[in-house]
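These notes are about the structure you will find just below.
Counting convention: from 1, in listed order, for ligands and their atoms alike. Numbering of residues begins at 1 and proceeds along the displayed sequence.
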Amino acid sequence: MSETKLVVLGAAGRMGRTLVSVIQETEGARLHAALEHSGSPALGDDAGTLAGAGHLGVTITDDVNTALDGADGIIDFTVPVASTGFAALAAKRGLVHVIGTTGFSAEDEADIAAAAKSARIVKSGNMSLGVNLLAGLVEKAARALGPDAFDIEILEMHHRHKVDAPSGTALLLGEAAAKGRNVKLADNSVRVRDGHTGPREAGAIGFATLRGGSVVGDHSVILAGEGERIELSHLAADRAIFARGAVRGALWAKDQAPGLYSMRDVLGLAD
Ligand SMILES: NC(=O)C1=CN([C@@H]2O[C@H](COP(=O)(O)OP(=O)(O)OC[C@H]3O[C@@H](n4cnc5c(N)ncnc54)[C@H](OP(=O)(O)O)[C@@H]3O)[C@@H](O)[C@H]2O)C=CC1
Ligand SMILES: O=C(O)C1=N[C@H](C(=O)O)C[C@H](O)C1
């Protein structure tokens with residue numbers, strides 16, 4: 001079987017460097033190219049050396065066309081403006097595009113859905129097996145408990161460098177809770193509380209965000225009733241869990257028809 005040739009976008013970032021290492025360790029996958037934006041101080045560096053994976057002979061470049069020539073897929077943990085642009089490029093070239101980036105606007109989401117008519121896109125706010133399993137448990141719990149007796153609050157903590165809030169994972173878990181309750185998250189979420197807020201709105205799905213230190217990613221879904229509370233949590237200790245999921249997604253998507261897929265599709269956890 002031929003190897004799947006993958007391009008890492010944002011190769012000098014926290015996730016980009018982890019991906020370079022994980023691709024190196026994954027049978028059936030090969031690092032084809034490593035991209036960064038023009039002006040990145042990492043241009044010209046060896047992607048493997050930067051990642052601590054040893055010299056790989058793959059130089060970090062901003063030459064997009066050369067990088068994508070001959071590639072099977074792009075793995076992208078960057079920023080929304082880069083991911084929407086690369087989704088359009090993946091569509092043009094019929095490539096797999098794995099999107100781990102978070103913090104998209106509704107317009108960005110629409111652009112990605114449009115690109116998925118021609119590209120095979122796997123997109124998830126969290127690529128780990130644990131969080132995707134947790135989402136199924138949250139959906140079940142929300143369905144079983146209903147909106148009246150139990151309130152749902154989602155608490156997340158990440159490292160001090162994270163730029164978007166709530167996290168993509170918190171929103172993914174909120175969507176799962178809303179699905180369990182058969183409501184739309186957008187109509188029921190409370191993303192910020194400050195000052196004299198009044199009592200909690202019935203049926204709300206609340207979000208709380210903590211930032212600090214080097215925390216990789218902690219999430220808890222709290223179902224709070226009268227006199228009892230259930231907490232469903234996931235704690236990420238190593239970014240490799242996200243990178244392994246993303247590479248698995250890329251290998252899986254290679255054999256799929258164009259479309260927009262989630263990690264729950266990749267892992268066979270979708271209903
Ligand atoms: N879905 C999931 O499982 C996970 C998602 N994430 C998400 O992934 C994203 C990246 O996270 P993280 O690695 O921590 O962030 P980093 O800031 O460490 O990495 C992002 C990298 O992308 C680079 N970049 C910025 N713009 C472009 C561009 N136009 N083209 C190519 N590269 C570009 C940045 O360069 P520079 O620094 O020079 O600007 C940086 O090297 C975030 O949205 C985060 O929430 C993170 C972990 C797991
Ligand atoms: O920025 C991060 O680091 C992470 N981002 C993702 C998110 O927004 O949920 C996934 C993970 O929690 C780490």
Side-chain angles (χ1 to χ4, degrees), residues 7-22 33-43 45 47 50-51 60-64 67-68 74-89 97-105 108 112 121-132 134-135 154-176 207 209-221 233-250 261-264 266-267:
V7 176
V8 173
L9 185 61
R14 280 174 289 274
M15 278 306 300
R17 282 174 278 141
T18 311
L19 281 157
V20 166
S21 293
V22 165
L35 275 168
E36 265 293 343
H37 61 90
S38 310
S40 163
L43 294 180
D45 288 355
L50 190 68
I60 299 180
T61 177
D62 59 355
D63 182 347
V64 174
L68 296 186
I74 306 162
I75 305 191
D76 164 8
F77 288 68
T78 57
V79 291
V81 67
S83 298
T84 50
F86 272 82
L89 267 178
H97 187 191
V98 176
I99 304 177
T101 308
T102 57
F104 291 107
S105 66
D108 294 335
I112 290 170
I121 296 181
V122 176
K123 177 174 173 293
S124 177
N126 196 302
M127 301 281 177
S128 75
L129 172 61
V131 159
N132 285 282
L134 178 65
I154 301 175
L155 175 64
E156 56 112 331
M157 181 159 188
H158 284 85
H159 53 94
R160 60 167 70 102
H161 305 287
K162 185 157 178 67
V163 293
D164 57 308
S167 69
T169 310
L171 294 171
L172 178 161
L173 294 170
E175 291 288 358
F207 291 86
T209 299
L210 307 181
R211 294 285 177 265
S214 60
V215 178
V216 174
D218 293 353
H219 293 88
S220 289
V221 179
S233 298
H234 180 271
L235 309 180
D238 186 341
R239 288 189 174 83
I241 62 170
F242 312 127
R244 284 197 292 266
V247 173
R248 183 168 170 173
Y261 300 98
S262 71
M263 268 316 278
R264 293 189 70 190
V266 174
L267 297 169

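In this structure, the side chains of I121 and Y261 stay at 4.5 Å or more apart for every pair of heavy atoms. At a threshold of 4.5 Å between non-hydrogen side-chain atoms, the residues I99 and F86 do not count as touching. When side chains are defined from C-beta on, T78 does not count as touching M15, because their heavy atoms never get closer than 4.5 Å. Counting only heavy atoms from C-beta outward, the side chains of S128 and R244 never approach each other to under 4.5 Å.
Here the protein heavy atom with the shortest distance to atom 3 (O) of ligand 1 is M127 N, 2.9 Å. The protein heavy-atom contact nearest to atom 14 (O) of ligand 1 is R14 NE, 3.0 Å. Remark: minimum distance from atom 26 (N) of ligand 1 to any protein heavy atom is reached at V79 CG2, 3.5 Å. Of all protein heavy atoms, the one lying nearest to atom 29 (N) of ligand 1 is A82 CB, 3.4 Å. With hydrogens left out, the protein atom closest to atom 12 (O) of ligand 2 is H158 NE2, 2.6 Å, a heavy atom. Ranking protein heavy atoms by distance to atom 9 (O) of ligand 2, first place goes to T169 OG1, 2.5 Å. With hydrogens left out, the protein atom closest to atom 36 (P) of ligand 1 is H37 NE2, 3.4 Å, a heavy atom. The protein atom (non-hydrogen) at minimum distance from atom 1 (O) of ligand 2 is K162 NZ, 2.9 Å.
Less than 4.0 angstrom separates some heavy atom of T102 from each of these atoms of ligand 2: 7 (C), 8 (O). Close contacts of ligand 1 with A12, meaning ligand atoms under 4.0 Å from a residue heavy atom, involve 41 (O). Contact atoms of ligand 2 toward V216: 3 (O), 13 (C) (distance under 4.0 Å to a heavy atom of the residue). Every atom of ligand 2 is numbered from 1 in the order shown, and the set under 4.0 Å from a heavy atom of H159 is 1 (O), 2 (C), 3 (O). Atoms of ligand 1 found under 4.0 Å from any heavy atom of G125, numbered from 1 in the order shown, are 1 (N), 2 (C), 3 (O). Interface atoms of ligand 1 facing M15, defined by a heavy-atom separation under 4.0 Å, are 13 (O), 46 (C), 47 (C). Residue S167 has at least one heavy-atom neighbour below 4.0 Å for each of these atoms of ligand 2: 7 (C), 8 (O), 9 (O).
Nearest residue to atom 20 (C) of ligand 1 from F86, F77, F242 is F77 (criterion: closest heavy atom). Evaluated by nearest non-hydrogen atom to atom 45 (O) of ligand 1, the leading choice among D62, L9, V8, T102 is T102. Checking T78, L19, V98 against atom 42 (C) of ligand 1, the nearest heavy atom belongs to T78. Of the listed options R17, E36, R239, E36 places a heavy atom closest to atom 23 (C) of ligand 1. For atom 6 (N) of ligand 1, the nearest non-hydrogen atom from the set S124, G13, P80, G100 comes from G100.
Below 3.5 Å of separation, one finds an N or O of G168 facing an N or O of ligand 2. Residue K162 places at least one N or O, backbone or side chain, under 3.5 Å from an N or O of ligand 1.
When T209, L210, V216 are each tested for a side chain to side chain contact (heavy atoms under 4.5 Å, CB included) with M157, only one passes: L210. The only option from I112, I75, V7, D76 that meets the side chain to side chain contact (heavy atoms under 4.5 Å, CB included) definition with H97 turns out to be D76.
Using a 4.0 Å cutoff on heavy atoms, G125 counts as a contact of ligand 2. Under a 4.0 Å heavy-atom criterion, L35 is not in contact with ligand 1. Using a non-hydrogen distance threshold of 4.0 Å, R14 does not register as a contact of ligand 2. The shortest separation from a heavy atom of H219 to ligand 2 is under 4.0 Å, placing the residue in contact. Remark: distances from the non-hydrogen atoms of L171 to ligand 2 are all 4.0 Å or more.
Panel note: side chain R17, backbone G13; a donor-acceptor pair is recorded below 3.5 Å. A donor-acceptor pair is defined here as one N or O able to donate and one able to accept, closer than 3.5 Å; such a pair exists between the side chain of T84 and the backbone of P80. Checking side-chain atoms of D238 against main-chain N and O of A240 turns up a donor-acceptor pair under 3.5 Å. Of the possible polar contacts, none joining the T18 side chain to the A243 backbone as a donor-acceptor pair under 3.5 Å is found.
One side chain, H219 or S167, offers a donor N or O that lies under 3.5 Å from an acceptor on the other. Side-chain contact, N126 with S124: no donor N or O sits under 3.5 Å from an acceptor N or O.
Partners of F104 under the ring-ring contact (aromatic ring centres under 6.0 Å, His included) rule, at least two apart in sequence or in another chain, do not exist in this structure.
Note that CG of L129 is 9.0 Å distant from CD1 of I241, once rounded to the nearest 0.5 Å.
Note on E156 versus R211: salt bridge recorded, some NZ/NE/NH1/NH2 to OD/OE distance being below 4.0 Å.
Between T102 and G168, the shortest heavy-atom contact is CG2-CA, 3.7 Å.
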